[in-house]
Amino acid sequence: MIDSITGGELPTRHIISIGDFDRNEIDRLLDHAGQIDNKNYDENALRGKILAALFFEPSTRTRMSFESAMARLGGTSLSVGSIEACSMAKGETLADTIRVVSGYADAIVIRHPKEGAARLAAEFSTVPVINAGDGAGQHPSQTLLDLYTIRQSMPIDGIDIALIGDLRYGRTAHSLAFALSLYNARLHTISPKGLELPATLAAELAGRGMEIIEHDDIGEVISEVDALYMTRIQRERFPDSASYFNVSSNYRITPELLARAKRHLIILHPLPRVDEIDPRVDESSHARYFEQSRNGVPVRMAMLMQVLQ
Ligand code: CP
């Protein structure tokens with residue numbers, strides 16, 4: 001497999017970037033997740049297999065849904081929830097940690113604050129590595145469940161989708177934008193100044209023929225798009241609270257705004273959310289973000305079967 005973001009060769013079974021998949025491979029994996037969702041799977045498919053979950057950053061959804069996926073397939077998980085809780089706190093390198101852990105497990109899922117950490121882990125691992133988020137880099141399992149969630153409501157091909165929030169550091173947005181370029185989607189971006197999509201990624205997407213249109217606020221696109229992909233804006237990216245509050249309403253979804261939306265519009269969010277979705281929106285027919293987080297289980301079951309069978 002070739003990673004089309006970096007151009008580098010990858011051993012077949014690691015999943016480091018969404019660029020490790022071509023479109024056919026994504027479609028096949030999503031089809032498999034659909035079968036699993038319909039309870040059409042072997043509950044002992046991964047009996048005897050062990051997943052090591054190394055989460056060096058906080059996580060609820062990714063970590064628990066990987067562990068749930070493993071348990072539903074008859075396997076087991078070992079987990080480390082922080083650098084402080086393992087011997088990296090004593091100065092052990094990530095490379096040595098991975099060499100050791102790959103002797104204890106059949107696959108490793110890793111989240112790390114530094115971009116490139118999962119790829120480094122793959123170089124030192126003797127078992128498959130899945131990237132569960134590396135700094136501002138990639139989050140491929142999230143993207144697969146995002147695509148799965150879109151596909152439950154509409155064909156992905158040719159959709160108009162708005163990515164909203166911190167698009168500079170938001171790894172879920174980076175992975176999803178790349179994947180959508182395989183589906184001829186038109187991308188609308190809405191982000192605070194300084195938090196726009198990285199220029200290198202925007203150029204790569206444009207080179208792949210993707211149309212990208214920048215907007216100042218959600219109101220400009222609400223009546224045009226088929227999907228809104230909300231992301232969290234971290235307050236710490238702003239010099240002070242006042243600067244954050246000055247712009248935050250431009251990136252917030254409310255029922256009033258949705259009055260102008262297409263009937264079939266769906267709202268996605270990788271979660272956790274903070275202020276960017278009014279809780280009244282949860283009851284609307286547009287909200288898909290809790291289904292989206294639930295979809296993490298069948299999609300990650302399909303991923304685990306892919307790397308472990
Ligand atoms: N979407 C996501 O990555 O959530 P967690 O940080 O809770 O894993």
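Note that ligands are numbered from 1 as they come in the structure, with each ligand's atoms numbered from 1 the same way. All values below come from the heavy atoms of this structure, side chains included, with hydrogens, waters and symmetry mates left out.
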Honestly, is Arg99 close enough over Phe124, meaning NZ or CZ under 6.0 Å from the six-membered ring centre and within 45° of the axis? no

Is it the case that more than 12 heavy atoms not belonging to Glu214 sit under 6.0 Å from its CD atom? no

Among residues two or more places apart or on two chains, list those pairs meeting ring pair (Phe, Tyr, Trp, His ring centres under 6.0 Å) that have a residue in residues 259-309. none

Tabulation required: pairs of a nitrogen or oxygen in ligand 1 and a protein nitrogen or oxygen under 3.5 Å; columns are atom names and distance to 0.1 Å; otherwise 'none'.
| residue | atom | partner | partner atom | Å |
| --- | --- | --- | --- | --- |
| ligand 1 | 1 (N) | Gln142 | OE1 | 3.0 |
| ligand 1 | 1 (N) | Pro270 | O | 2.8 |
| ligand 1 | 1 (N) | Leu271 | O | 3.2 |
| ligand 1 | 3 (O) | Thr62 | OG1 | 3.0 |
| ligand 1 | 3 (O) | Arg111 | NH2 | 2.9 |
| ligand 1 | 3 (O) | His139 | NE2 | 2.9 |
| ligand 1 | 4 (O) | Arg61 | NE | 3.0 |
| ligand 1 | 4 (O) | Leu271 | O | 3.4 |
| ligand 1 | 6 (O) | Arg111 | NH1 | 2.8 |
| ligand 1 | 7 (O) | Thr60 | N | 2.8 |
| ligand 1 | 7 (O) | Arg61 | N | 3.0 |
| ligand 1 | 7 (O) | Arg61 | NE | 3.1 |
| ligand 1 | 7 (O) | Arg61 | NH2 | 3.0 |
| ligand 1 | 8 (O) | Ser59 | OG | 2.6 |
| ligand 1 | 8 (O) | Thr62 | N | 2.9 |
| ligand 1 | 8 (O) | Thr62 | OG1 | 2.7 |
| ligand 1 | 8 (O) | Arg111 | NH1 | 3.4 |
| ligand 1 | 8 (O) | Arg111 | NH2 | 3.3 |

Of the options Val109, Leu144, Leu145, which is the one that meets Met303 in a side chain to side chain contact (heavy atoms under 4.5 Å, CB included)? Leu144

Looking only at atom types and distance, does a side-chain atom of Glu276 sit under 3.5 Å from a main-chain N or O of Val274, one as donor and one as acceptor? yes

Before giving the answer on salt bridge (charged side-chain N to carboxylate O under 4.0 Å, His left out), spell out for Asp278 and Arg252 the whole-Å C-alpha distance, their side-chain angles and the decisive distance to 0.1 Å. CA-CA 7 Å; Asp278 185 318; Arg252 181 175 161 82; 3.7 Å; yes

